[in-house]
Amino acid sequence: MDVITTHLNADFDGLASMLAAKKLYPDGVLVFPGSQERNLRDFFVHSTLYALETERIKNIDLQKVTRLILVDTRQISRIGKFSEIVGKPGVEVHIYDHHPPSPDDIRGSLEVIEEVGSNTTLLLRLLQEREIEISPDEATVMMLGIYEDTGNLIFPSAKEDDFKAAGYLVRKGANLNILSNVITKELTAEQVFLLNDLIQSASRYHVHGTEVVIAQAASDRYIGDIAV
């Protein structure tokens, strides 16, 4: 059994990468390893844009997995129960990731790794090379992945390839109106208070010509979507 998965607390780049990987591995089963970000959960609840068939991890017999396809991560600490089968005889691991290396990275028999702004960009390039077509709805979901991870293509991490991928998705019919509705995020009151604490504690340093800002804040209870 082929399983396609991403990281815990999955975001739109993880979702779009899973969708793109499904085009490369048609027999793969899409499984989230755990929770998703709030925006992604809301998207599944309210959107009829694209019916993505996913399976619950509790319904997956890990003993039957022969190939694990990881997208948007290669850290063993971020894939939940799937970490139990990494390194197991008879289990192949394919990795598609755009993050810098870390100490708990998994090694795969196939690794496609490049530090582009969005992991969706990396997989979309493979779809183009293999001339695999995508629908307008699929293009919209993939554009969500690129826009979210690159801050609407204005984060410094955005690369030329991300812009090229976005242009290709527009040509394929990506709906930009849906993007603006889904990606727009309003901060909760708790997030605003935490942001204020971060701003107040911020210290600025210049290291080899680059400005570095270090800030800290604490909360006595869980506050979701801090990455926002």
Side-chain angles (χ1 to χ4, degrees), residues 4-7 9-26 28 30 32 36-37 39-40 43 49-50 52 68-75 78-79 93-102 105-185 208-211 227-228:
I4 300 168
T5 192
T6 184
H7 52 81
N9 203 28
D11 54 12
F12 279 113
D13 196 27
L15 167 67
S17 294
M18 288 172 68
L19 172 60
K22 176 71 172 175
K23 308 286 283 188
L24 296 171
Y25 301 86
L30 300 175
F32 287 106
Q36 299 97 46
E37 283 189 351
N39 252 30
L40 189 54
F43 175 76
L49 172 68
Y50 188 77
L52 192 67
L68 183 65
I69 298 106
L70 299 178
V71 296
D72 200 28
T73 189
R74 61 187 189 276
Q75 291 181 262
R78 299 194 70 198
I79 59 173
V93 178
H94 289 189
I95 296 169
Y96 300 87
D97 191 25
H98 72 128
H99 293 98
S102 66
D105 282 351
I106 298 164
R107 296 308 304 266
S109 57
L110 172 67
E111 296 183 358
V112 181
I113 298 166
E114 186 179 339
E115 289 185 34
V116 288
S118 164
N119 199 66
T120 306
T121 294
L122 188 155
L123 282 154
L124 186 59
R125 184 193 305 149
L126 296 178
L127 296 184
Q128 291 176 263
E129 289 173 356
R130 300 181 190 186
E131 298 183 347
I132 298 174
E133 286 296 320
I134 59 174
S135 69
D137 287 347
E138 290 169 336
T140 302
V141 174
M142 291 180 192
M143 188 74 101
L144 283 169
I146 292 174
Y147 263 45
E148 184 184 56
D149 244 34
T150 63
N152 299 344
L153 294 170
I154 63 171
F155 285 170
S157 59
K159 301 292 190 292
E160 180 183 352
D161 283 351
D162 297 298
F163 285 87
K164 289 179 179 177
Y168 174 78
L169 292 173
V170 169
R171 292 198 301 275
K172 289 297 179 180
N175 189 324
L176 299 184
N177 288 325
I178 291 176
L179 260 69
S180 61
N181 291 334
V182 173
I183 294 295
T184 300
K185 298 179 179 180
H208 301 300
T210 299
E211 185 180 45
V228 178

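The analysis underlying the following values was restricted to heavy atoms, covering all of them including side chains, and did not include hydrogens, waters or symmetry mates. Please read these numbers as outputs of a predicted model, since none were measured by experiment.
Here the closest heavy-atom approach between residue Pro100 and residue Glu115 is recorded as CA-OE2, 3.7 Å. Heavy atoms only, all atoms of each residue included: Pro136 and Gly173 are closest at CB-O, 3.7 Å. When all heavy atoms of Gly145 and Ala16 are compared, the pair lying nearest together is CA-CB, 4.1 Å. Residue Leu122 comes nearest to Glu114 through the heavy atom pair CD1-N, 3.6 Å, listed as atom of the first residue, atom of the second, then distance.
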Point to revise | Asp13/Thr6 under side-chain contact (heavy atoms from CB on, under 4.5 Å): CA gap, chis, key distance, verdict | key: CA-CA 9 Å; Asp13 196 27; Thr6 184; over 6 Å; no
Review point. side-chain contact (heavy atoms from CB on, under 4.5 Å) between Tyr147 and Leu153: does it pass, once the steps are laid out?
Key: CA-CA 6 Å; Tyr147 263 45; Leu153 294 170; 4.0 Å; yes
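For the residue pair Asp105 / Ser102, a side-chain donor-acceptor distance below 3.5 Å is found, with atom types taken as modelled.
Between the side chain of Arg74 and the main chain of His99, a donor-acceptor pair closer than 3.5 Å is present. Judged purely by atom type and a 3.5 angstrom limit, Thr121 has no side-chain atom pairing as donor or acceptor with the backbone of Ala165. Side chain of Lys159 to main chain of Ser118: no donor-acceptor pair is present (N/O by atom type, distance under 3.5 Å, no hydrogens or angles). A donor-acceptor pair under 3.5 Å is absent between the side-chain atoms of Thr150 and the main chain of Phe155, judged by distance alone. The backbone N or O of Asn119 sits nowhere less than 3.5 Å from a side-chain atom of Asp97 that would complete a donor-acceptor pair.
Between Leu19 and Leu123, every side-chain heavy-atom pair lies at or beyond the 4.5 Å cut-off. For the pair Ile134 and Tyr168, the minimum side-chain heavy-atom distance is below 4.5 Å. When side chains are defined from C-beta on, Leu110 counts as touching Tyr96, because their heavy atoms get closer than 4.5 Å. Using a 4.5 Å heavy-atom cutoff, the side chains of Leu24 and Ile69 are not in contact.
Screening Val112, Ile113, Thr120, Val116 for a side chain to side chain contact (heavy atoms under 4.5 Å, CB included) with His98, the sole residue that qualifies is Val116. Exactly one residue among Lys172, Lys23, Lys22, Met143 makes a side chain to side chain contact (heavy atoms under 4.5 Å, CB included) with Glu138. That residue is Lys23.
Counted within 6.0 Å of CD on Glu160, heavy atoms from surrounding residues, nucleotides or ligands total 12 or fewer; the atom is thus considered open.
Rounding to the nearest 0.5 Å gives a distance of 8.5 Å between CG of Leu126 and CD1 of Ile132.
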